[in-house]
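Sequence lines set the chain letters: A, B, ... in the order given, protein chains first and strands last, and positions in each chain run from 1.
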Number of protein chains: 2
Amino acid sequence: MKITIYDVAEKAGVSISTVSKVLNNQQVGKKSKEKVLSAMNELKYKPSVLASALTGKRTSTIGFLLPDIANPFIAEMARQVEDRAHERGYNLVICSTDFRSEKEEHYVSLLRQKSVDGFIFAGGFKNRNVVMELLKENVPVILLAAEPHPNLTVNTVTVDNFVGGYEIANYLISQGHKNIAVIAEDATSSQERIRGYKQAMQDHSLFVQDEHIMICNSSVEHAQKLTEAILDTPNPPTAIIGANDLLAIGILIGAREKNLVIPQDLSITGFDNTLLSKCCDPTLTTVDQPIQSMCSQAVNILLAEIEGKHNTRQKILVLPKLIIRNSTCEVY
Amino acid sequence: MKITIYDVAEKAGVSISTVSKVLNNQQVGKKSKEKVLSAMNELKYKPSVLASALTGKRTSTIGFLLPDIANPFIAEMARQVEDRAHERGYNLVICSTDFRSEKEEHYVSLLRQKSVDGFIFAGGFKNRNVVMELLKENVPVILLAAEPHPNLTVNTVTVDNFVGGYEIANYLISQGHKNIAVIAEDATSSQERIRGYKQAMQDHSLFVQDEHIMICNSSVEHAQKLTEAILDTPNPPTAIIGANDLLAIGILIGAREKNLVIPQDLSITGFDNTLLSKCCDPTLTTVDQPIQSMCSQAVNILLAEIEGKHNTRQKILVLPKLIIRNSTCEVY
DNA sequence: CTGAAAGCGCTAACAT
DNA sequence: ATGTTAGCGCTTTCAG
C-alpha cells in the first residue's frame with residue numbers, strides 16, 4: 001500500500017535510480033525529470049526517511065536533552081530551537097532528564113539507536129561522561145545554556161553566568177544590601193552565578209556566610225521552604241538572590257508567608273527573565289539571557305557540524321543584561 | 001565501525017537469525033542465547049531502530065503536535081506525556097503549530113515520512129482534515145485537551161470545557177456579577193468554555209453582550225490590549241473571564257495599567273491552573289484540569305492502538321475543578 | 001544521461 | 001533449535 005520509489009519509477013517509465021537522482025537533485029535529463037516529478041505528484045509519493053537513513057543519509061532529527069520541559073525558561077528555549085531547527089528541516093525529540101545521570105545516559109543511548117544526527121544539551125546536565133563519549137565518537141553535540149565542565153572541549157553557547165551573578169549582586173550591593181543570601185540549584189551554571197556573587201561581595205569587602213548559600217532542587221516549594229528557614233534565622237538577609245526565576249518565585253511566596261512586604265522588607269532577584277518574572281507581583285528584578293540569539297547560534301553550529309561544513313569547535317559566551325524591576329529596592 | 005548483528009553472530013558463532021531471535025526474545029536454545037548475549041555485551045551492540053523499523057517494526061517514537069511548547073500549560077502536559085511514553089519505551093518529537101493549518105499539515109507529513117508510530121494532538125488544533133486523513137489511513141491518533149470537532153470519531157481525552165466554562169461563570173454570578181466579559185483564543189476548547197459561560201448567563205437570565213466576547217491570539221500582550229479597550233467602554237464589565245491562565249495574566253496586567261485594584265475593582269479568572277496562576281499576585285481563581293490523569297490515559301489509549309491490542313475508539317471527558325483564589329470577589 | 005545491481009541492518013518465512 | 005535467504009525502500013558505484 002505504501003507507495004515506493006519503484007511505483008514512481010514504473011509510472012514514470014524510468015529506473016529507480018533515476019528517481020533517486022531527482023530526489024537528491026543530481027544530474028538528470030530534463031525530460032526524465034519532468035516525468036518523474038509528475039509521477040511523484042500523481043502518486044503523492046513521500047520518500048521514507050528510514051530507508052534513506054539506512055543507507056547513510058541523515059535522519060534530520062536531533063536529540064534535545066534538557067532538565068525539564070515544564071520549566072518555563074527551558075520551554076522558551078525549546079520553542080526557539082525547534083523553530084530554528086525546523087527551518088532547516090530538522091525535528092527535535094525531547095527528553096527531560098531531571099539532572100539525573102542515568103536518564104541522560106539512557107536517553108542518549110536510545111536516541112543513538114534511533115540514529116539522531118546530533119545532540120543539544122540545554123539548560124544543564126550532570127553526566128559529563130555521556131558528553132565525552134559522544135565527542136569521542138564524533139557525534140555532533142552542543143551545550144546550550146549549560147556550563148561546559150572546564151576540561152570538556154565541546155561546542156557551547158551560554159550566557160556569561162559569572163558576569164550575571166556578579167552584576168546582580170553588585171546591583172544589590174549598590175542598593176545598600178550587605179547581607180545577601182543565595183538559593184541555587186545544584187547545576188554548573190548556578191555555580192558560576194554563585195562565583196560571580198562571591199566575587200562581587202569580595203570586591204566590596206563584604207563577608208559571605210556559607211549558610212547563606214543554599215542548594216535547592218528545582219522546585220518552587222523547596223525554595224519557599226529554604227526561604228522561610230533562613231528568614232527565621234537570628235540575622236536574616238535583606239536580599240535573596242534566586243539562581244533562576246522559578247526559585248525567585250519560591251522565595252517570593254516564602255517571604256509573603258512570613259508577612260514580609262516585598263521589596264521593602266526583602267529584596268528578591270531572579271535569573272532568566274522568563275514570563276514568570278514579568279507576571280508575578282512585584283515584578284522581578286532579574287537577568288536576561290538573550291534566548292533567541294543563543295538558540296539560533298546553537299542550531300547553526302550544530303547543523304554546520306552535522307552537515308559537515310566546517311568543524312572548528314567553539315564556545316560562545318553572550319552577555320547577560322540586568323533587568324531592574326520592582327522586587328528590589330534600597331535597603332532601609 | 002558501527003557494529004551490527006553480523007558482528008555479534010560471528011563472535012557468538014551462530015547465525016544472524018539466531019541473534020535476531022534473542023533480540024526479539026523468541027525461542028532460542030539456552031546455550032546459544034548465552035553466547036549471543038555475552039557477545040552483545042562485549043561488543044556493546046545496540047540494534048539499529050532504523051533497520052528494524054524498515055522491516056515493519058515500530059520506531060517507538062510518537063509525534064506530539066501542540067500549539068506552542070512555550071505555553072506553560074502545554075509544557076506541563078508535554079512533561080507528563082513524555083514521562084508516561086518513556087516508561088513504555090517511546091520518545092516524543094515535538095512540533096509547535098501555533099494553530100496554523102499549514103504547519104499542522106506539514107509536520108504531520110514530515111513525521112509520517114519518518115514513520116512515527118502515532119500522533120498526539122495536544123491543546124488544540126486547526127486542521128481537522130489532517131486528523132481525518134490520519135484516521136482514514138488507520139494511523140493511531142489521539143486528541144489530548146483538544147476538543148474533537150463534532151463529527152470526528154477520534155480518540156479523545158479532554159476536560160469537560162463546557163462544564164468548566166459554566167462553573168466559572170456560575171461562580172462569578174453567585175458573587176453578584178452581572179456584567180461579565182470573556183477573552184478567549186480562537187480554538188475549539190475555548191468555544192466550549194464560552195458555550196458554558198453563555199449557558200450560565202442564560203440560566204440566570206443575564207444578558208450576554210456580543211462585544212464582551214473577545215477573540216484573542218495566544219499572547220499576553222493581546223489580552224492586555226483587549227482588556228484596556230473594554231475597560232474604556234461606557235459600561236465596562238465587573239469581571240473578565242480569561243479562557244486560559246496566560247490570557248488572565250494579560251487581563252491582570254491590562255487592569256493594573258488602568259489603575260484598577262484586583263479583585264475589588266475587577267474580578268479576573270483563568271483556566272488551566274498552571275504554575276502561573278499560583279505565582280501571580282493576586283493568585284488566580286481558575287479551573288483545574290487533572291493533567292496527570294489525562295496524559296496518562298491518553299498515552300495508554302494511543303499505545304494500545306499502536307501495539308494493536310484492542311481498538312475501540314473512545315472519548316474520555318474528565319471533570320474540571322473550580323479553584324477559588326484571590327483574583328475574584330463579590331461585586332460591590 | 002540512464003540503468004543494473006549490491007548493500008545499509010534487520011526480520012521473517014522457509015528449510016534443514 | 002538453527003541457518004538460509006529474500007526482502008524492507010533507498011543510495012550509490014559502476015557499466016552501458
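- Annotation: side-chain contact (heavy atoms from CB on, under 4.5 Å) contacts of R88(B) (sequence neighbours excluded): Y90(B), N300(B), L303(B), E307(B).
- In this structure, CZ of R58(A) is placed 16 Å from C1' of dC10(D), rounded to the nearest angstrom.
- With rounding to whole Å, N25(A) atom CG is found 14 Å from dC1(C) atom P.
- Atoms NZ (K30(A)) and P (dC1(C)) sit 12 Å apart, rounded to a whole Å.
- Neither OP1 nor OP2 of dT4(D) sits under 4.0 Å from any side-chain N or O of S15(B).
- You'll find the side chain of I306(B) reaches within 4.5 Å of the side chain of I62(B), heavy atoms only.
- The residue V19(B) sits apart from the nucleic acid: no heavy atom pair falls under 4.0 Å.
- Between the side chains of D117(B) and T59(B), at least one donor N or O sits under 3.5 Å from an acceptor N or O.
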Close N or O pairs between protein and nucleotides 8-10 of chain C (under 3.5 Å):
unit_1	atom_1	unit_2	atom_2	d
dG9(C)	N2	A51(B)	O	3.3
dC10(C)	OP1	Y45(B)	OH	2.3
dC10(C)	OP1	S48(B)	N	3.1
dC10(C)	OP2	I5(B)	N	2.5
dC10(C)	OP2	Y45(B)	OH	3.4

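- What separates NZ of K21(B) from P of dA13(C) is a distance of 11 Å, to the nearest Å.
- In this structure, the side chains of T61(A) and V93(B) stay at 4.5 Å or more apart for every pair of heavy atoms.
- Within the structure, every side-chain polar atom (N or O) of T18(B) is placed at least 4.0 Å from both OP1 and OP2 of dT2(D).
- In this model, no donor atom of one side chain and acceptor atom of the other lie less than 3.5 Å apart for S189(B) and E147(B).
- Counting only N and O atoms by type, the side chains of K315(B) and N155(B) include no donor and acceptor under 3.5 Å apart.
- Taking only side-chain nitrogens and oxygens, S17(A) never comes nearer than 4.0 Å to OP1 or OP2 of dG3(C).
- Taking atom CD on E10(A) and atom P on dG3(C), their separation rounds to 13 Å, with Å as the unit.
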